[in-house]
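Here is the structure we will look at.
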Amino acid sequence: MITITLPDGSAREVESGTTPADIAAAIGPGLAKAALAARVDGELVDIGRPIEADAAFALVTSRDEKDALELARHDYAHVLAEAVQALWPDTQITFGPATDDGFYYDFAPSAQRGPFTEDDLPVIEDKMREIIAADQPLVREVWSRADLIARWQAKGESFKAEWAAELPDNETLTVYRSGTGEDAWLDMCRGPHLASTGRLDPKAFKLTKVAGAYWRGDQNNPQLSRIYGTGWLDKKQLAAHLMRLEEAAKRDHRKIGQEMDLFHLQHEAQGSVFWHPKGYLIWRELEAYMRRKLDAAGYDEVKTPQLMDAKQWEQSGHWGKYRENMFVVPDEIPHVPEEGADDDTPVITGDADMMALKPMNCPAHILIFKQGIKSYRDLPVRMAEFGCCHRNEPHGALHGILRVRQFTQDDAHIFVTEDQLIEEVRDFCDLLDEVYHELGFDSYAIKLALRPDARYGSDAEWDRAEQQLRDAVKLAGRDTDEYGWEELPGEGAFYAPKLEFHLSDAIGRTWQVGTIQADTVLPERLDASYVGEDGERHRPVMLHRAILGTFERFIGILIEHHAGRFPLWLAPVQAVVATIVSDADDYADEVVAKLKAAGIRAEADTRNEKINYKVREHSLAKVPNLLVVGKREAEQGTIALRRLGSDEHQKVMTLDEMIATLRDEATPPDRKGG
RNA sequence: GCUGCUGUAGCUCAGUGGUAGAGCACACCCUUGGUAAGGGUGAGGCCGAGAGUUCAAUCCUCUCCAGCAGCACCA
């Protein structure tokens, strides 16, 4: 007999080998039906898995939504793989986990079959529903490594065989059998799974897309064909999820950017943004705001060259570790043939020295730091630049204005002594926190990206830098779950570990924006030094840091976060004065002039259109304030204020009242109050 | 860069092996209308680029370019 302890603290004596299903049945038939799996000493296990020793025990039902979803999604992936092999037996299976909203499975289709396409999805879905309807039992079996490898090799499953051979020795190798008899379908899987395929809701999943994905996530490995699905406990959850996707699509910054005439992209300058007047207004407001914040925090702003000689990049190390991301330009006057002449001299010979567009601002900032001799009394030096950088990103990486090849960072480098480092990082964390909150973001996560394989600097330097960043976050009190604190091995920059700040937007997606990196490598490579109290030269540590990250990405996130309905201080057009009759046109112009004089961005709409039409159009254009003027208003010197998204009826008020209201709201957050 | 899909008017999208259509937007005319689309007329397209198959290609095939979704990479 063994003792199991239930969540309420009560204990039960049961036979060794009793399964969670047995225990559920003993408690009651309702629970037996509802039980999906169990937690034994915290570990999620199959409902049919025998318990062999004393343990803390809890049944998992659909009320334990997180566990239940995880189980269901894992099962959907399993059923997907079975369906695909039923349809195309030559397809090799690899693996398929649950994701945040569903599941995927990676396949290696036969050469004849080729990768899956979207047209295959409905066919596969039908087969999946058949498997669910057949309510096949899913049974866990423990296999020996040799048997497992032999089985996969016999089936021609080379990926599975490779995987089975490489699983660690201490791992119990398990297989799940779907169905019974000779034609049962097997997959190697850690589990757990639901008791049978019939536990899945055939109406609560949907295959969503196909994509290529590398075997084991490595670009050098063969590419597999991945099928994605979304899976839920019931069809209501699925419908809600599809609704959320639609919502997200409506917020897409590319769509809103076009609708609101903020910017455009075109292939002659792919990856670089054409900012239209309205989009650039947002940029200018944001930049002015950041400049005020940095001024107040003791930063000095600089501006550095766009092009520098390759030798400089060699010395900084970018040429060695970052060159494939750089735009390289020959330092040579291009050849221009005489008009009409038969001249096949190439435009560029390529023999000249190379220059490169800067991918980062850091080397140039060190070069400024190195001008003159710095004393320890000068530190910390906080050097800021709204620096425009170019990075030669792979084409497939480009995405709207969130991932571009030309971007402007709210960059700064802080040169500190070892003693100043931790507090300086702490202060940065505080500044960043303030900025995010003022810009309307309530939550963000902090990650520590540790040393990558391709790096400069000694292990001792990396040890110290990583530990200092850890300590600083702790000092700032942000190494907690609230901030999603975690460490990411191998994700650091080639010269330094970095703290990454990931913003959560209004619909829960996250974006890396801010960063701070503690770098001893570049000061060394570029020979930056200061004279210490002892009269000797010392190396400063260089903190690379950004809060917004880049204006391009940050504005993209702002657009999606606010769905285009910016807070008034950032809204490109803050008010439109719309006339009802043309007799009010002069008055409308007068109102606009007064608004502009009060610093409010306003336009008049005196077109020959009905007021209904104007209201609709400006509402769709997300203009925050519509000031309606007709004969009445023109005579009385008032306006009728209609606020976007407000349920209140319009309010008629005098010009002065209206200006007082708007001016207050249009004040940037750092200028409000005290 | 890799896999799949897509590319027709400024935008959103129909369509056909015999060189094109809608709605919105735009221009002009009528209308001066009180809170989410008033009416009429008109202009606008090398059907992404190149090659091939064909009597004939926007449509079929191939190559390239770009966009989209992933992957890999990343602010």
Side-chain angles (χ1 to χ4, degrees), chain A residues 99 104 106 109 114-121 208-228 249 252 254-255 258-259 261 264-268 270-271 322 324-325 359-360 387 389 391-405 407-411 449 491 493 498 500-503 511-515 517 544-554 556-557 578-585 606-621 626-633 640-642 644 649-650 652:
Chain A
T99 63
Y104 66 80
D106 286 347
F116 296 104
T117 71
E118 307 241 336
D119 295 339
D120 297 321
L121 299 184
T208 51
K209 55 201 170 197
V210 294
Y214 300 103
W215 169 235
R216 296 178 152 190
D218 186 336
Q219 217 177 155
N220 301 311
N221 285 340
Q223 190 162 39
L224 305 170
S225 183
R226 175 174 295 179
I227 297 178
Y228 280 93
D252 191 310
R254 293 165 298 188
K255 185 170 142 67
Q258 185 184 64
E259 287 167 355
D261 193 18
H264 86 272
L265 296 157
Q266 64 181 66
H267 64 82
E268 285 80 1
Q270 54 171 309
Y322 205 73
E324 62 180 22
N325 285 291
M360 300 182 192
C389 295
R391 293 188 191 167
N392 203 341
E393 302 287 353
H395 291 75
L398 302 178
H399 179 84
I401 65 173
L402 296 179
R403 188 76 187 276
V404 289
R405 299 166 100 184
F407 52 82
T408 300
Q409 299 175 308
D410 63 319
D411 200 10
E491 307 256 316
K498 56 182 178 182
E500 298 178 350
F501 299 85
H502 297 251
L503 268 192
W511 305 92
Q512 197 208 312
V513 284
T515 182
Q517 308 161 5
H544 306 241
R545 42 109 293 160
I547 296 176
L548 305 181
T550 71
F551 283 88
E552 286 80 359
R553 173 172 290 183
F554 201 87
I557 295 169
T579 51
I580 294 171
V581 292
S582 50
D583 285 349
D585 287 359
T606 54
R607 290 176 303 171
N608 176 13
E609 295 290 352
K610 292 198 167 185
I611 192 62
N612 289 356
Y613 182 92
K614 295 182 183 181
V615 166
R616 175 179 156 82
E617 192 173 271
H618 295 117
S619 300
L620 289 175
L626 191 60
L627 281 47
V628 179
V629 295
K631 239 180 210 159
R632 216 151 56 211
E633 287 77 11
L641 178 63
R642 186 189 161 104
L644 181 67
H649 292 296
Q650 60 170 359
V652 177

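Chain identifiers are assigned alphabetically (A, B, ...) following the order of the sequence lines, protein sequences preceding nucleic acid strands; residue numbering begins at 1 within each chain.
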Between [atom2] of [N] and [atom1] of [X], the distance in whole Å:
| X | N | atom1 | atom2 | answer |
| --- | --- | --- | --- | --- |
| E609(A) | rC30(B) | CD | P | 14 Å |
| E118(A) | rA69(B) | CD | C1' | 8 Å |
| I227(A) | rA69(B) | CD1 | C1' | 14 Å |
| R607(A) | rG38(B) | CZ | C1' | 14 Å |
| H395(A) | rC71(B) | NE2 | C1' | 17 Å |
| E393(A) | rC71(B) | CD | P | 16 Å |
| Y104(A) | rA69(B) | OH | C1' | 15 Å |
| N221(A) | rC71(B) | CG | P | 16 Å |

**Study point:** Nearest-nucleotide 5' precedence on RNA chain B, H399(A) against I611(A)
**Key:**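 Looking at the nearest nucleotide for each, I611(A) comes out on the 5' side.
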
Point to revise | 5' priority, RNA chain B, between I580(A) and R254(A) [closest heavy atom] | key: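 The 5'-side residue here is I580(A).
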
What nucleotide among [options] has an atom nearest to a side-chain atom of [X]?
| X | options | value |
| --- | --- | --- |
| K610(A) | rG33(B), rU35(B), rA75(B) | rG33(B) |
| P115(A) | rG4(B), rA36(B), rG1(B) | rG4(B) |
| H267(A) | rA75(B), rG70(B), rA66(B) | rA66(B) |
| R616(A) | rC71(B), rA75(B), rA36(B) | rA36(B) |
| Q258(A) | rA36(B), rC11(B), rA69(B) | rC11(B) |
| R391(A) | rC74(B), rG34(B), rG38(B) | rC74(B) |
| T117(A) | rC5(B), rC71(B), rU35(B) | rC5(B) |
| V581(A) | rC71(B), rU32(B), rG38(B) | rU32(B) |
| A397(A) | rG38(B), rU35(B), rA72(B) | rA72(B) |

Determine whether a donor-acceptor pair (one donor, one acceptor, N or O, separation below 3.5 Å) exists between the side chain of [X] and the base of [N].
| X | N | answer |
| --- | --- | --- |
| R403(A) | rC73(B) | yes |
| Y214(A) | rG70(B) | no |
| E633(A) | rG34(B) | yes |
| S225(A) | rU3(B) | no |
| E268(A) | rA66(B) | no |

Exercise for review: Considering only atom P, compute the distance from rU19(B) to rA66(B) and round it to an integer number of Å.
Suggested key: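 These two P atoms come out 33 Å apart once rounded.
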
Exercise for review: In whole angstrom, give me the gap between the P atoms of rG7(B) and rU41(B).
Suggested key: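 Result for the P pair: 32 Å, nearest Å.
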
**Study point:** Separation between CG of N221(A) and CH2 of W215(A), rounded to the nearest 0.5 Å
**Key:**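 So the gap between those two atoms works out to 8.5 Å.
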
Pair up each side-chain donor or acceptor in residues 392-402 of chain A with any protein partner under 3.5 Å, not counting sequence neighbours, and list the distances.
from	atom 1	to	atom 2	distance (Å)
N392(A)	OD1	R405(A)	NH2	2.7
E393(A)	OE1	R403(A)	NH2	2.8

Review point. How is K614(A) classified with respect to the nucleic acid when contacts are heavy atoms under 4.0 Å: base, sugar-phosphate, or nothing?
Key: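 Touches nothing.
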
Revision key, fill the gap. Parsed dot-bracket for RNA chain B after applying the Watson-Crick and G-U rules with both distances under 3.5 Å and | for other-strand partners is (((((((..((((....[..)))).(((((.......))))).....(((((..]....))))))))))))....

